[in-house]
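Residue numbering restarts at 1 for every chain, and letters A, B, ... go by the order of the sequence lines.
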2 protein chains.
Amino acid sequence: MRSSADQPDDRTPEKAAFSGYQPLKEEIVRRQKALPKRLFQIAAFALDQPDEIAFGTVSSISKSIGVPPSAVIRFAQHFGFDGFIEMQRLFRDRMRERSSEYAERLQTLGRGADPLDGTGKTLEGFLAAGRQSMESALRSVSREVFSSAVSVLSGGETIYLLARRRSFPIVGYMAYAFGKLGLRCELASSSMGTDGDLLQFAGPRDAAFAVSFSPYAPETVAQAKALRERGVPLVSLTDSPFSPIAAISNVWFEVVETDYSGFRPLSASMVLALALSVAVAERKQWS
Amino acid sequence: MRSSADQPDDRTPEKAAFSGYQPLKEEIVRRQKALPKRLFQIAAFALDQPDEIAFGTVSSISKSIGVPPSAVIRFAQHFGFDGFIEMQRLFRDRMRERSSEYAERLQTLGRGADPLDGTGKTLEGFLAAGRQSMESALRSVSREVFSSAVSVLSGGETIYLLARRRSFPIVGYMAYAFGKLGLRCELASSSMGTDGDLLQFAGPRDAAFAVSFSPYAPETVAQAKALRERGVPLVSLTDSPFSPIAAISNVWFEVVETDYSGFRPLSASMVLALALSVAVAERKQWS
DNA sequence: GTGGACGCAGAATAATAATTTCATCGATCT
DNA sequence: AGATCGATGAAATTATTATTCTGCGTCCAC
């Protein structure tokens, strides 16, 4: 397998320190599997809580991790540093950069970035939009509505989930969450044509949740109508009071996702959907 | 309990310490004019370069300012601190907070309070968690990484999307976005067993994007490995540098979603995924 | 002008931290 | 099973750092 003369690279890199935090992090990740137990613990901690490394002392860090102080030193030396302090400098530099870059980004975020100026700003723009969506959702969704939606859904034996296209990921995640929470649900949104069969089993003792944003997918609307005719209680999530879905729902949420360069991140809807799922599970458990 | 004759010096009423950096700053400004020459120099430096105070030692700081070390100590004591270290803690706390501004607000919403006490809190808790995720994404995703991920993906003719279970909605939405944007992509995540066939067409001229959070779905890992072996460039989104996906990726994002009552809203990941999609489309259009 | 109080610098000291050393333990390979 | 090499943890050592102390100078009040 391995001969000693095979890889002389054990000695070559030791004198070369790292240029910054990021390269160090990559190196740690690369060598993580080859690390002894104690050094692995330290590696995990260093990547997980770099701030502690930046501020702490050898002994305070070693106590937090639960390893002897010498192990921390060995860790630094293992990665080519002269000692702990030399390694710590990287972590400190990182914090310096971090706080200045972060402040800059927050400003960008506050202003609401203009869409077309580069890939870096694209990310920030979407994050800004996401945050805005979250805040506006917090304002527009009243507790009463949320609570009654929970009542309706928790009254259902099986919860049918309706959504297409862009809205589909939302119910996809709900299905996952319901599964984890031990609730029965059906994703009536498969691309196969079996949905009709599925919905035939739905009745007044069940419940349905529909998601549809403009332009409203006709399949979703049709399925929702069908369910209503069969007496299935319906909760819906949409973006306008005039949505055809809202008109036929027992309870409906209006969530206006902030638009960024023509695309709406579904963050607020996702969060609402998840909160709804968990709340329903809680309500059911109680009853 | 405690039988020891507790230190009588434990009483610290006279020395009114400061509750945070901000109050200290105000106090310094207020007393600025009444300060002796040396202490004034130090005050000016402290307000001007708080980072240096946070990281430096007494002697390093005193050298930067051009005063003897003892003056720095006296400065701290002059403002009611026990010593330099006690004052330094405020400056360090400040840096910490700066990098997690939203943590406090989340706590305000009742972090310790059990999420089981009402449906209203459930929604608010999830929204707060979502917003914090967004903040943390802003901090942890560097522009360089984002940009190189865009490069890798925009270089692919077809983009293969890999994800299972909870991560699936993310790539689901990406598939929708790519479709709208006119980019070719393949969802290699169907529940049917045809994925193998699909991936056979992938080659070095394509690209792949994998999403996997702990616990990592073995199928995703396997597929990612298979693609890497075929020379397909890989970008991944995961929650730890130790993820098996990260290890084999050309570029990887680490997004830590804030946990609320055991569930993670994928808001930040969704936003990142969407931003990535749009940025890739922009880059492709340009070239 | 003189006495007193306060600020000051620099050395001395105490405290704490980083690093090295070394004996022991455990795994791996023969 | 025995030998070997690396990893480990506790303690010793060394370096650095914070803090205190003392004597000196300066400024103001009387």
For this session: Assign the ring pair B:Phe253 / B:Phe146 to parallel, tilted or perpendicular, where the plane angle (0 to 90°) is split at 30° and 60°.
Result: tilted
Seminar exercise, completed: So salt bridge (charged side-chain N to carboxylate O under 4.0 Å, His left out) across residues 70-79 of chain A, not counting sequence neighbours, yields none
Atom pairs, N/O to N/O, protein against nucleotides 17-22 of chain D, distance under 3.5 Å?
| from | atom 1 | to | atom 2 | distance (Å) |
| --- | --- | --- | --- | --- |
| D:dA18 | OP1 | B:Val58 | N | 3.3 |
| D:dA18 | OP2 | B:Val58 | N | 2.5 |
| D:dT19 | OP2 | B:Phe84 | N | 2.7 |
| D:dT20 | OP2 | B:Gln77 | NE2 | 2.8 |

For this session: Kindly state each residue pair satisfying salt bridge (charged side-chain N to carboxylate O under 4.0 Å, His left out) with at least one member in residues 225-243 of chain B, sequence neighbours excluded.
Result: none
For this session: For A:Phe45, check ring-ring contact (aromatic ring centres under 6.0 Å, His included) against everything at least two apart and list the hits.
Result: none
Seminar exercise, completed: A:Leu35 CG to D:dT8 C1', in whole Å, measures 15 Å
Exercise. Between atom NZ in B:Lys63 and atom P in C:dG10, what is the gap in whole Å?
Worked result: 13 Å
For this session: Figure out the CD1/C1' separation between A:Ile65 and D:dG9, and round it to whole Å.
Result: 15 Å
Seminar exercise, completed: With sequence neighbours left out, the residues meeting side-chain hydrogen bond (donor to acceptor under 3.5 Å, both in side chains) with B:Ser167 are none
Exercise. How far apart are the closest heavy atoms of B:Leu227 and B:Ala208, and which atoms are they?
Worked result: CD1-CB, 3.7 Å
Exercise. Could you give the NE2-to-C1' distance, from B:His78 to C:dC8, as a whole number of Å?
Worked result: 14 Å
For this session: Calculate the interatomic distance between A:Leu39 atom CG and D:dG6 atom P; express it in whole Å.
Result: 14 Å
For this session: Provide, to the nearest angstrom, the distance between the CZ atom belonging to A:Phe75 and the P atom belonging to D:dA7.
Result: 14 Å
Exercise. What pair of heavy atoms forms the shortest contact from B:Met95 to B:Ala54, and how long is it?
Worked result: SD-CB, 4.1 Å
For this session: State whether B:Phe79 and B:Arg31 meet the cation-pi test: NZ (Lys) or CZ (Arg) under 6.0 Å from the six-membered ring centroid, and within 45° of the perpendicular axis.
Result: yes
For this session: Check the distance between C:dA27's P and A:Arg38's CZ and give it to me in whole angstrom.
Result: 13 Å
For this session: Test A:Glu124 against A:Arg131 for salt bridge (charged side-chain N to carboxylate O under 4.0 Å, His left out), laying out the working first.
Result: CA-CA 10 Å; A:Glu124 276 145 24; A:Arg131 199 170 65 160; over 6 Å; no
For this session: Verify the contact: side-chain N or O of B:Arg74 to OP1 or OP2 of C:dC8, cut-off strictly under 4.0 Å; return yes or no.
Result: yes
Exercise. For DNA chain D, which residues in residues 41-49 of chain B have a heavy atom at a distance below 4.0 Å?
Worked result: none
